**Student:** 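Take a look at this one; I'll ask things after.
Throughout, protein chains are lettered first and strands after them, A, B, ... in sequence-line order, and every chain is numbered starting at 1. Just so we're clear, the structure is a prediction, and the values are computed from it rather than from any experiment.
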Amino acid sequence: MTGRHASGPGRTARPAPTPPTARPARTRRRPPARWAAAAVALLAVTGAGWLLWTGLRARTDLNQARVATEQLRSALVSGDTAGAQRALADVTSHADRAHGLTTGPVWWFAARLPYFGNTADAASRAATDVDQIARDVLPGLLDVGRVLNPSTLRSGSQIDLAGISAAGPAVTRADARLTQARRSLAAIDLAWVASPVADGIRAVQQQVDHVQGQLDAAATATRLLPPMLGAAGPRNYLVVFQNNAEARGTGGLVGAFGVLQATAGHMTVVRLGSDVELQSATAPVVDLGPHYKDLFGSDPALWANTNLSAHFPFAAVQQLELWRRQFAQTLDGVIALDPVALGYLLTAAGPATLPDGERLTGASVADLTMREVYSRYQQPSQVPERKAFLQIVAKAALASILGHNGRSRGELEALGRATTERRLLVYSAHPAEEEALAATPLAGVVDAGPGPYAGLAIDNASGSKIDYYLDRRMAYALGACADAGSSRTSTITVTLHDGAPASGLPLYAAYRLDRGAVASAAGRGGDGSVLETVLVYAATGAGLTGATLDGAATSVTPGVDGSSPGRPVFVASVELAAGQTRTLVLNLREPSTGLPARGWMAALVRAPVLELPTVQDATCR
Amino acid sequence: MRISRFVAVLAGAGMALLGPSAFAASPPTAYPPTAPTLTVSANSVLVGGSVSLTGKGFLPLSTASVTWTGAGAQGVGGKAFGAAAAGFRMGAKSLSADASGVVNASVQLMSVGDHTITVAGTAANGSAVSLSTVVTVAAAAAAASGSLPHTGAPLLEYLVAGLVLVLLGALVVAVVRNRRRAASPAAVPAASAVKQPVSH
């Protein structure tokens with residue numbers, strides 16, 4: 001930018017002092033022209049040097065502000081008010097300095113240069129926005145942190161609902177101010193901005209988005225927690241433990257269950273049972289519309305099939321209705337939890353001890369309840385013992401989690417992790433609450449919103465526990481634009497690997513009931529193979545142009561699923577042998593929206609790998 | 001109850017406890033769940049494109065039919081067998097289920113819009129069965145004009161711009177040198193003659 005700066009004025013300055021007269025005269029008058037050129041060049045070089053020097057220092061300050069913001073966030077989560085105060089002072093001073101460094105005449109002038117000015121302009125505006133956030137938003141966050149202090153929020157199984165309600169206004173204020181700053185940051189034009197500056201601004205935007213996400217969550221929590229935890233009368237929730245070893249759309253098969261009662265913030269488990277106590281129906285008990293019926297038929301009449309769709313509210317309403325029919329009790333909602341999430345919570349709360357003295361730790365509970373238990377109780381005649389054992393485990397784990405009195409920071413983090421991994425799902429039967437929940441990942445909603453989208457859920461069609469060993473990878477890529485930029489191609493590649501041993505599996509874990517009855521050799525299976533029904537959720541408006549399985553053309557079932565009016569889902573049957581890896585590729589044509597891509601995978605035991613396109617890929621121009 | 005039934009079957013001994021109703025399975029309700037039975041090769045094609053359909057669970061060697069209704073260019077629905085109905089041609093010659101109860105069909109779609117294709121026939125248990133799917137047909141010209149997404153990496157532009165600036169700078173240096181030479185007594189008159197008009 002400096003070169004252009006220097007050359008422009010240099011050239012225009014040249015003609016003016018050159019007189020059209022004789023040679024000697026011209027020789028005498030040459031120096032002023034050179035001086036002018038040299039002066040302009042010097043000015044330009046100094047200006048460029050100033051920009052570079054201040055720009056680099058501002059970048060350091062902005063980076064330090066970002067680090068301090070992270071410290072502030074972590075201090076707030078842990079209830080460390082003094083630490084939060086220090087971090088806030090840090091953020092403010094760095095942001096203020098970055099703002100000061102990127103303002104002034106040189107920056108003002110540089111921002112007005114064509115093309116190259118964009119970089120200076122963007123850097124200066126980002127510094128201003130960060131400064132604004134540090135001065136207007138973060139102190140408000142500190143207020144929120146004071147009231148919503150995790151270490152005083154809970155004592156034992158009692159949650160401080162009054163404290164939560166009191167934090168509401170402060171959260172809403174901070175949220176509104178951050179939204180403003182975030183809009184201003186998002187409005188910065190990153191075209192023609194040098195990549196280091198553009199990347200820096202994107203990092204700031206990401207961090208602000210992150211903080212905003214947490215503030216939104218805090219705002220939702222202050223609104224929802226008091227009524228949902230029984231501030232205005234007792235609430236009863238069905239708690240279902242999903243067994244990820246047998247995959248279902250929302251995670252895993254419903255195993256043990258409980259009823260959690262919340263009265264004025266006090267939580268108690270009033271009942272624990274196993275799925276053998278739950279009575280299924282002969283036909284689906286809730287009409288979820290023709291699209292749902294097309295996909296799942298009348299299979300959802302069974303408790304084991306209430307959660308075939310990945311849309312958690314569909315599972316919850318059917319479970320609540322089955323419960324109402326059996327127990328003549330209308331519950332207020334459903335909380336689904338899996339053993340891995342239980343492990344996270346146990347790690348935070350500390351290990352539990354089973355009545356026989358066996359220790360239950362965060363690291364052991366998933367393996368114990370989803371693999372080991374089938375080895376311990378191998379005989380079909382031991383099923384009641386196995387169910388009883390799982391109930392004992394659930395009881396001990398819940399007692400440890402609800403009864404523990406330590407700092408809640410680890411638990412909040414455990415809950416947060418379980419939520420992002422879709423291992424903790426919550427449905428409220430009260431429509432206003434469910435509407436607020438639906439905006440959060442807790443709700444497990446498959447929404448019908450626009451934009452690039454890829455979701456993966458699996459229903460085990462063999463009736464086995466092989467999904468304990470299943471590895472999943474989903475790569476979503478956006479391709480060429482078409483129709484004058486209104487649509488584009490895309491590809492969703494799903495890779496499944498069955499890591500089960502080919503022999504030595506407990507009888508109960510290795511059934512192939514899709515091949516035959518339990519009494520037949522085919523139905524008993526035992527070779528670690530599995531038949532999976534794979535559900536791939538795609539962008540609204542997406543159509544399938546072709547599909548392959550391991551490179552060969554294959555056919556799949558198109559359907560519509562999720563909250564009304566639903567989004568496209570493509571269902572494929574994929575059979576896996578022990579140790580086998582198979583790759584399903586869906587070639588799609590979808591609307592081009594310019595929105596960022598979203599993606600998720602239902603929770604199983606092993607952590608999945610998800611690859612999403614970047615924001616830049618999302619634009620068709 | 002079905003879950004209980006399943007467990008009971010496994011337990012072998014528990015059957016009596018659960019009562020006879022547990023065994024009166026209505027066929028469509030199943031544990032483990034069954035996958036949908038009609039699959040397609042695509043549900044979004046260009047005009048003139050074909051879709052293959054596979055329906056499972058039919059009575060082996062029974063006859064089946066494929067029908068379509070669609071908001072296509074012709075705006076009419078109806079049976080489309082053998083000969084081309086308006087804007088619609090059958091690709092498959094025969095529509096009977098094979099020995100394992102699978103029906104295969106291939107249809108070529110000749111009009112823009114949404115087409116509902118239904119495969120109907122007799123299910124393995126003798127009851128009537130009808131499976132349908134919607135295929136969207138787009139105009140052929142639409143997808144022809146493809147362009148790559150904007151990748152938004154301004155670094156290359158910067159390099160090019162930087163190069164231009166360096167060249168400009170070199171030009172300025174050259175001009176100044178020329179003038180200096182022109183200004184010195186040793187310079188050729190031609191040089192000043194060239195410069196002269198520029199100076200005005």
**Student:** Quick check: do A/L253 and B/Y31 have side-chain heavy atoms less than 4.5 Å from each other?
**Tutor:**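 They are in side-chain contact.
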
**Student:** Counting only non-hydrogen atoms closer than 4.5 Å, does A/N460 touch chain B with its backbone (N, CA, C, O), its side chain (CB onward), both, or neither?
**Tutor:**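 Looking at A/N460, just its backbone touches chain B.
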
**Student:** Side chains of A/L513 and B/P32, heavy atoms from C-beta outward: is any pair under 4.5 Å?
**Tutor:**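 Side chain of A/L513 against side chain of B/P32, heavy atoms only: contact under 4.5 Å found.
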
**Student:** Using heavy-atom distances under 4.5 Å, tell me whether A/T533 contacts chain B through its side chain, its backbone, both, or neither.
**Tutor:**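 Contact with chain B is through the side chain of A/T533 alone.
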
**Student:** Hey, mind stepping through A/T545 and B/S44 against side-chain contact (heavy atoms from CB on, under 4.5 Å) and telling me if it holds?
**Tutor:** CA-CA 5 Å; A/T545 56; B/S44 171; 4.2 Å; yes

**Student:** Which bit of A/V571 is near chain B, if near means a heavy-atom gap under 4.5 Å: side chain, backbone, both or neither?
**Tutor:**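 Side chain only.
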
**Student:** Most heavy-atom pairs under 4.5 angstrom with chain B, which of A/A547, A/S462, A/A553, A/S487?
**Tutor:**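 Option with the top pair count is A/S462.
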
**Student:** With a 4.5 Å cut-off on side-chain heavy atoms, are B/T39 and A/V556 touching?
**Tutor:**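 In short, these two side chains do not touch, never coming nearer than 4.5 Å.
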
**Student:** Is a donor on one side and an acceptor on the other found under 3.5 Å between the side chain of B/N43 and the backbone of A/G543?
**Tutor:**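 No; zero donor-acceptor contacts below 3.5 Å.
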
**Student:** Applying the side chain to side chain contact (heavy atoms under 4.5 Å, CB included) criterion to A/P558, which one of B/V134, B/L38, B/T133, B/V135 satisfies it?
**Tutor:**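 Single pass found, and it is B/T133.
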
**Student:** Check whether B/T136 gets within reach of chain A through its side chain, its backbone, both or neither, counting any heavy atom under 4.5 Å.
**Tutor:**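 Answer is neither: B/T136 stays 4.5 Å or more from chain A.
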
**Student:** So what's closer than 4.5 Å to chain B heavy atoms on A/T554: side chain, backbone, both or neither?
**Tutor:**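 Backbone of A/T554 only, per the 4.5 Å heavy-atom cut-off to chain B.
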
**Student:** Spell out, as yes or no, whether a donor-acceptor pair under 3.5 Å connects the side chain of A/D299 to the backbone of B/T34.
**Tutor:**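 Flag set: sc A/D299 to bb B/T34 pair under 3.5 Å.
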
**Student:** Given heavy-atom pairs under 4.5 angstrom as the criterion, report whether the side chain, backbone, both or neither of A/S573 touches chain B.
**Tutor:**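 When you check distances to chain B, only side chain atoms of A/S573 fall under 4.5 Å.
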
**Student:** To the nearest 0.5 Å, what is the distance between OG (B/S132) and CG (A/D294)?
**Tutor:**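 Reported value, rounded in 0.5 Å steps: 6.5 Å.
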
**Student:** Tell me, side chain or backbone of A/Q379 under 4.5 Å from chain B's heavy atoms, or both, or neither?
**Tutor:**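 Neither the backbone nor the side chain of A/Q379 comes within 4.5 Å of chain B.
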
**Student:** Identify the two heavy atoms, one from B/P36 and one from A/T557, that lie closest to each other, and give their separation to 0.1 Å.
**Tutor:**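 B/P36 and A/T557 have their closest heavy atoms at CB-CG2, 3.6 Å.
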
**Student:** Check whether any side-chain heavy atom of A/R589 lies under 4.5 Å from a side-chain heavy atom of B/V45, and answer yes or no.
**Tutor:**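 Not touching, per the 4.5 Å side-chain cut-off.
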
